Protein chains: 2
Amino acid sequence: MKALSIKDIAQKANVSITTVSFIINGKAKEKSISDGVIEKVEKIIEESGYKPNQIARSLRTGNSNIIGLIVEDISNSFFAKIARLIEDKAYKRGYKIIYSSTENSIEKARELINMFKSRKVDAYIISPVKGLEEDIRVLINDDKPVILFDRNLEDIDANYVGANHFSASYQSIENFVQAGKKNIALVTTDIDVLQITERYEGYKKALLDYGLPYNEDLVLKVHFNQDEQETINQIKQLFNNDKIDAVLFATNYLAISGLKVLKQIRKTIGNDFSVIAYDDHEAFELHTPGISTVQQPLEEIAETVIKLILSQLSSKTKLPIQEVIIPAKLIIRD
Amino acid sequence: MKALSIKDIAQKANVSITTVSFIINGKAKEKSISDGVIEKVEKIIEESGYKPNQIARSLRTGNSNIIGLIVEDISNSFFAKIARLIEDKAYKRGYKIIYSSTENSIEKARELINMFKSRKVDAYIISPVKGLEEDIRVLINDDKPVILFDRNLEDIDANYVGANHFSASYQSIENFVQAGKKNIALVTTDIDVLQITERYEGYKKALLDYGLPYNEDLVLKVHFNQDEQETINQIKQLFNNDKIDAVLFATNYLAISGLKVLKQIRKTIGNDFSVIAYDDHEAFELHTPGISTVQQPLEEIAETVIKLILSQLSSKTKLPIQEVIIPAKLIIRD
DNA sequence: CTGAAAGCGCTTACAG
DNA sequence: CTGAAAGCGCTTACAG
């Protein structure tokens, strides 16, 4: 059973495929097709269940009504939630999203961009890895709308939407200091991307401003791709230092590993030991006591990304580059 | 800057596009192209960075090397994890995955199938909603490989991979009974899909087998699409009944709502009150005390799905329908 | 050993 | 008010 084509519809209606095409694309009025013909063709399309072949349309027009979304890991709840919000919003505007995970690998990211390119996606939303600058530049030179989100790249002039990681991290430390904490640890990763280094800078700057010494022994940078067990071991070792009275986890999955450690070594979170996690997670609200978190405004990020993409998609001329920095919110729980 | 086409490569190499096409598709030997020509063309392709236009290829061949994955909600960690595993495995075999969420709406599911159809995906992996039977039947009649997973549909003969929900639910209740529980509650949803009704049936059968009465007041069926606050209120009301000494939550998000209630009403989980949650979640391991869960073997489900899809994709003839039921595991924590 | 040509299903500039 | 025809970039049956 072969699918119907525009030719079949044209034959059934006794008109040319040109006429059918105009009607399908809402250009009937503009091309002054008579009302009778419009009605007849629409009825036949309706009855036959004909759906235009999008592949053929893409080949001809060079676009696809598809936006490519590249994230680090779709199974991370931060990305899963952002993806879902972006999908919803794009869908309402007639765009579909296809997404894929880079797993923080340049090669995989590059392959994904190539795949999207050869599928002629109309625009790219990318949570990039370092080293991808050149590939992104090529897309931009090609006049493809590109929005980076979550993490920016230093050597590139691209649209960007993300939270103010430096200031969120700074505020977290400030909060600890005001509660009288003296030995504040940071658990972060060794990936060299801005949204992580900014959290580190915020940590350092806050210590400096409040006259606390920076102590290397209190900073743990775990290797990005390592086993969780390895991470757990390293955190356990860090927590051997019982001077530590507060800790900021730079990502939600590090915080989860950290909480597992605390459970294992039976250290309780309370007045003597405070925790803040970067990026919320359902486990944090449920935890006893509740875990304070830095919350990025997911809804606002998704909305801004889609708005920027759509305005670029509908604009004939190249729009100026925009960087939108959205404040993150510190939620204190106990 | 227009992208290169096969024509450009043919011109540069002074051969026909037929020759280039054969070389790209690894048919050079079979078509006995001379080694010199192969080398020359491959060098030009390499140097120019030429990538074949997949859209054109799809239009011509009618397939796409893309598998469509339709889930209920990609931001649910069960689906996010399955999606990621399937993506990895498919990727290694040269297939890309595009995924999208139905949000349990027949209309959205139907639109997604149509979108995938018009994009000529090669195969479908679907976590279906009831009412989609006819649409799925059309795909199967069209000789498209289709695998349902997580939940099966009653009136349809399709390949299926999923956990044994009845027996997992039965075992959970058995576990409660053996611990001496008498008033075991069930919190589930009102969606009418097999994987949910089977959990309900398992609950009832276990009570029956162990001589416990079935008490309607102990079963809460919350409405699928309602606000979480509403769910929380209903669970709170259920827990007013302080005879209840154990509760099985039929999904992980219901369990999360339930744990929030327990925290609010300051009821502690322990000897007097036991909890089991269906589908694991990071929050459960971290919870104090740890929450026992029914774990579906994600890895095995993903692997089986991909295997079935690939064997259908590579088989010329229609393969017999297979239903693979994989046991779920009850993990007891405290 | 290699190529000319048809055709996949559309859109659109041009013609009348 | 409507249609014939070119062309998007490929693959492949056929011919030599």
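In this text, all values refer to a predicted model and were calculated from it rather than measured experimentally.
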Next on the checklist: Side chain of Ala56(A) only, heavy atoms from C-beta on: which candidate in dG3(C), dG9(C), dT11(D) is closest?
Outcome noted: dG9(C)
Item to check | Under-4.0 Å side-chain N/O to phosphate OP1/OP2 contact, Arg60(A) with dG9(C) | outcome: no
Item to check | Rounded distance in Å - CG (Asn53(B)) to P (dC10(D)) | outcome: 5 Å
Checklist entry - What nucleotide among dA5(D), dC10(C), dA13(D) has an atom nearest to a side-chain atom of Ile6(A)? => result dC10(C)
Item to check | Carboxylate-amine/guanidinium proximity below 4.0 Å for Arg84(A) and Glu87(A) | outcome: no
Item to check | Any Asn25(B) side-chain nitrogen or oxygen under 4.0 Å from OP1 or OP2 of dT11(D) | outcome: yes
Checklist entry - Roughly how many Å is it from CD in Glu30(B) to P in dT2(C), rounded to a whole number? => result 15 Å
Item to check | Base-pair map of DNA chain D as dot-bracket, where | denotes pairing with a different strand and pairs are Watson-Crick or G-U under 3.5 Å | outcome: |||.||||||||.|||
Next on the checklist: With a 4.0 Å cutoff (strictly under), does any side-chain N or O of Tyr50(B) reach OP1 or OP2 of dG9(D)?
Outcome noted: no
Checklist outcome for this item: The single option from Asp150(A), Ile113(A), Asp135(A), Val71(A) that satisfies side-chain contact (heavy atoms from CB on, under 4.5 Å) with Ile126(A) is Ile113(A)
Checklist entry - With a 4.0 Å cut-off, would you call Lys51(B) and Glu111(A) a salt bridge? => result no
Checklist entry - Under 4.0 Å: is that the gap between some side-chain N or O of Ser34(A) and OP1 or OP2 of dT2(D)? => result yes
Next on the checklist: Looking at Ile70(A), is its backbone amide N or carbonyl O close enough to the side chain of Ser100(A) to form a donor-acceptor pair, meaning the two atoms are under 3.5 Å apart?
Outcome noted: no
Checklist entry - Under 4.0 angstrom, heavy atoms only, what part of the nucleic acid is Ser21(A) near: base, sugar-phosphate, or nothing? => result base
Next on the checklist: Output the rounded distance in Å from CG (Leu59(B)) to C1' (dT12(D)).
Outcome noted: 14 Å
Next on the checklist: Would you say that more than 12 heavy atoms from the other residues, nucleotides or ligands in this model lie under 6.0 Å from the NZ of Lys108(A), or not?
Outcome noted: yes
Checklist entry - Contact class for Lys120(A) (heavy atom, under 4.0 Å): base, sugar-phosphate, or nothing? => result nothing
Item to check | Lys51(A) NZ to dC10(C) C1', straight-line distance once rounded to whole Å | outcome: 17 Å
Item to check | side chain to side chain donor-acceptor pair (under 3.5 Å) partner of Arg57(A), the single match among Asn25(A), Asn65(A), Asn63(A) | outcome: Asn25(A)
Next on the checklist: Once you apply a heavy-atom cut-off of 4.0 Å, does Ile55(A) come out as touching a base, just sugar-phosphate, or nothing?
Outcome noted: nothing
Checklist entry - Which nucleotide, dC10(D), dT12(D), dT2(C), lies nearest any side-chain atom of Val37(B)? => result dT2(C)
Checklist entry - Could you state the CG-C1' distance from Leu4(B) to dG9(D), rounded to the nearest angstrom? => result 12 Å
Checklist entry - For the residue pair Tyr99(A) and Tyr99(B), is the inter-centroid distance of their aromatic rings smaller than 6.0 Å? => result yes
Checklist entry - Among dG3(C), dC10(D), dA4(D), which nucleotide sits nearest the side chain of Ile17(B)? => result dC10(D)
Checklist outcome for this item: Picking from dC10(D), dT12(C), dT11(C), the nucleotide nearest the side-chain atoms of Lys27(A) would be dT12(C)
Item to check | Side-chain N or O of Thr61(B) closer than 4.0 Å to phosphate OP1/OP2 of dT11(D) | outcome: no
Next on the checklist: Looking at dG3(C), I'd like to know if its phosphate oxygens (OP1 or OP2) sit under 4.0 Å from a side-chain N or O belonging to Ser16(B).
Outcome noted: yes
Item to check | For atom CG of Asn63(A) and atom C1' of dT12(C), their distance in whole Å | outcome: 14 Å
Checklist entry - For Ile23(B) and dT11(D), what is the distance between atoms CD1 and P respectively, to the nearest whole Å? => result 12 Å
Item to check | Out of dT2(D), dG3(C), dG9(D), whichever nucleotide has its closest atom nearest the side chain of Ser5(B) | outcome: dG9(D)
Item to check | Candidates Val121(B), Ile309(B), Ile86(B) - the one meeting side-chain contact (heavy atoms from CB on, under 4.5 Å) with Ile67(B) | outcome: Ile309(B)
Checklist entry - Rounded to whole angstrom units, what separation is found between the CD atom of Gln11(B) and the C1' atom of dG9(D)? => result 14 Å
